[in-house]
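So that the names make sense, note that chain A is the first sequence line, chain B the second, and so on, each numbered from 1.
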There are 2 protein chains.
Amino acid sequence: MAATMNDVAQRAGVSVKTVSNVVNGYPHIRETTRARVLAAIEELDYQLNVAARNLRTGRTGIIALAVPELSLPYFAELADSVIQAADAQGLTVLIEQTGSRRERELEVLSGARRHLTDGLLFSPLALGDGDEQLLDVDFPMVLLGERLFPDTVDHVTMQNVEGARAATEHLLGLGRRRVAVVGVHPGEVVGSAGLRLTGYRQALEAAGVPWDESLLGEAGLWHRSTGASAMAHLLDSGAAPDAVFAMNDAMALGVLHELQVRGIRVPDDVAVIGFDAVDEGEYSNPSLTTVDPGREQIAETAVRLLVEQIADKRGTHRPRRVYADFRILERRSTLPA
Amino acid sequence: MAATMNDVAQRAGVSVKTVSNVVNGYPHIRETTRARVLAAIEELDYQLNVAARNLRTGRTGIIALAVPELSLPYFAELADSVIQAADAQGLTVLIEQTGSRRERELEVLSGARRHLTDGLLFSPLALGDGDEQLLDVDFPMVLLGERLFPDTVDHVTMQNVEGARAATEHLLGLGRRRVAVVGVHPGEVVGSAGLRLTGYRQALEAAGVPWDESLLGEAGLWHRSTGASAMAHLLDSGAAPDAVFAMNDAMALGVLHELQVRGIRVPDDVAVIGFDAVDEGEYSNPSLTTVDPGREQIAETAVRLLVEQIADKRGTHRPRRVYADFRILERRSTLPA
DNA sequence: GGGACGGTCTACAACGATGTAGCCTGTGGC
DNA sequence: GCCACAGGCTACATCGTTGTAGACCGTCCC
């Protein structure tokens, strides 16, 4: 049987509350008493029962992170960063996978695990326009990543438009004029697909390059496989791109793969740039130029905002939106000729 | 304020315990009563306070998964599989990253979060020979993956020796005779590096191919970068391999990268095979032949064993060791000439 | 010398659920 | 008509901690 505070108290000859005070660092305790209590804790190998503290204080020390899929490298690396940032604040992370399914995302928001966690970092994919009121929850939450929602909730996001624009400009700067884009969601405006497409369009306009519908590669889910098939479709349709901006790295790697299978040289025939800066792109063949969206900064900021929300019991905080810094990581897939 | 069982009980005109019974599916309740309670729950939007239940029952419904790093694709995909398997059993997963650091692995075992979780799935890397007694913990635990420990604890592992042997035989079957191996940990026997090296050796012996020290590529951490530098070292040393067995996929991808940078053709000049079957290898250039160690089977089995341990309060269960099925996934990096 | 005050500590209630014991009521068997 | 018994429910204690109120002691100041 595990020891309780009571056992420790008896052994140290003090009240339970004093043990509690020692454990929680309450300052007004005589040194000798504190030493006795600590010794008793040591001897009994006492461990605080978190469940009991939770019940009493209403805090759990756990935050939830809801992401689409851990098997997507970006989210795995994001989770890594979040866990480390949370660790630094003494928090533990509980991961929920939504599988990009709307129903699972709603479940996360419904707060079924509300009592288990102090707050939620949420990276939604399936929710979108018209779901604003669903995000008006009564527990601490910070939205992560890409979608834009009204200013009713804290939001840490990457610079989708600017990053996409910079990526496209990077390709145009190589002298490429037939720049395809992969990952388009037709009709979407507020999602990351819509925003990144806007950045792409801005870059073309600024450079005076005409808009060409045939260079738009659609892809619903942003996986390696969908990137590969979007590229295949672009090639088969005769669009003849000389560069590709893939809206994330996973698709960019699919694009590289498809090009390589067909014997098309990268970057000589087609230059490729991605978005996300996952580790994988550093060792692909050729290595992948990409937009680094500031993943660690996003994780750290998000955890910090969440902690602030949790501390602010009155609910008086006003929602904030934070944009992370981005930069282009230049590698071989866009090496100048 | 969130509603409690007391609120529900008052509204339904029954005792708290009856509400508890309804919530927990206790059978002997009149239909009309059950309906009244359910209605009250609905009206008040009542959610069970898990912390309180935890305190009373000692169960939390959370299991911990301790892995080295989520940013390593294999562990991200393993986590994905574990979360899904746990979900199917109504369990939530809390992920701990040990960063392969011995001190963090010990912390996990010390059970600091014992009160927060019902059990632990543990994939140790830094612990090894001589640490057996540390694994003799007094909470439910299942060891995952690769290292072998004495039979005092449940263990779900991949077939390291057999898989490595099959991988090496696959290369030998292509007619290659100078088969390098990457990821060697000199002196190690029980770890996955030691076991996979044994499989490699067995395959060579069976084929009558002489053992050549110069074909052993060392790599402490099994990352892409260490795979690349081990390959660079092999090439620079003049070992002149015509095939490489990388002990995991991450290193294999680093190997592919290094070969490509040097203009060495795969599989024509050097054939490459990995181990783990991460998604990434399917879209690398060229796509990566690998050993599929049965990741999902491992995850499902591990969760099942853990659930059994948790249910078995008496601690009468006898430790089991389960080996997952493996198979070779043949892709282009070992395409016959 | 008495009152104010801060430091140190204790007793007790409370968080929200569940386990245990036991009270009714109705049914069936003898 | 009485007892045994099961179904349906309630009352109360309890899990291990923390918040609140207050007791006690010594110091300091007027």
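Side-chain contact between Y46(A) and D7(A) is absent, with no heavy-atom pair separated by less than 4.5 Å. Proximity of V37(A) to I29(A): side-chain heavy atoms (C-beta onward) are nowhere separated by under 4.5 Å.
Between S20(B) and the phosphate of dA17(C), there is no side-chain N or O to OP1/OP2 separation shorter than 4.0 Å.
Among the atoms of the strands shown, only primed sugar atoms or phosphate atoms (P, OP1, OP2) are found under 4.0 Å from some heavy atom of N24(B).
Rounded to whole Å, the distance from CG on N54(B) to C1' on dG16(D) is 12 Å. Note: CG (L44(A)) to C1' (dG16(D)) measures 15 Å, nearest angstrom. Rounded to whole Å, the distance from CE on M5(A) to C1' on dT14(D) is 18 Å. We find that CZ of R53(A) is positioned 18 Å from P of dG16(C), with the value rounded to whole Å. The distance between atom CG of L116(B) and atom C1' of dG16(D), rounded to the nearest whole Å, is 15 Å. Between N49(A) atom CG and dT14(D) atom P there is a gap of 18 Å when expressed in whole angstrom units. Look at CG on L55(B): it is 9 Å from C1' on dT14(D), rounded to the nearest Å.
Annotation: salt bridge (charged side-chain N to carboxylate O under 4.0 Å, His left out) contacts involving residues 61-84 of chain A, sequence neighbours excluded, comprise E77(A)-R295(A). Screening residues 6-45 of chain A for ring pair (Phe, Tyr, Trp, His ring centres under 6.0 Å) gives Y26(A)-H28(A) as the qualifying pairs, with residues at least two apart or on separate chains.
One finds no salt bridge joining E105(B) and R102(B) here, because no Lys/Arg side-chain nitrogen approaches an Asp/Glu carboxylate oxygen to under 4.0 Å. A salt bridge does not link R304(A) with E300(A): none of the charged nitrogens is closer than 4.0 Å to a carboxylate oxygen.
The rotation axes computed at either terminus of the helix from dG1(C)-dC30(D) to dC30(C)-dG1(D) lie 40° apart, taking five pairs at each end and rounding to 10 degrees.
Take R104(A) and apply the side-chain hydrogen bond (donor to acceptor under 3.5 Å, both in side chains) test, not counting sequence neighbours, and it matches E107(A). For R11(A), the salt bridge (charged side-chain N to carboxylate O under 4.0 Å, His left out) partners are E43(A), not counting sequence neighbours.
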B/S/- along nucleotides 5-14 of chain C (protein heavy atoms under 4.0 Å) is --SSSBB-BB
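A donor-acceptor pair under 3.5 Å is absent between the side-chain atoms of S100(A) and the main chain of P68(A), judged by distance alone.
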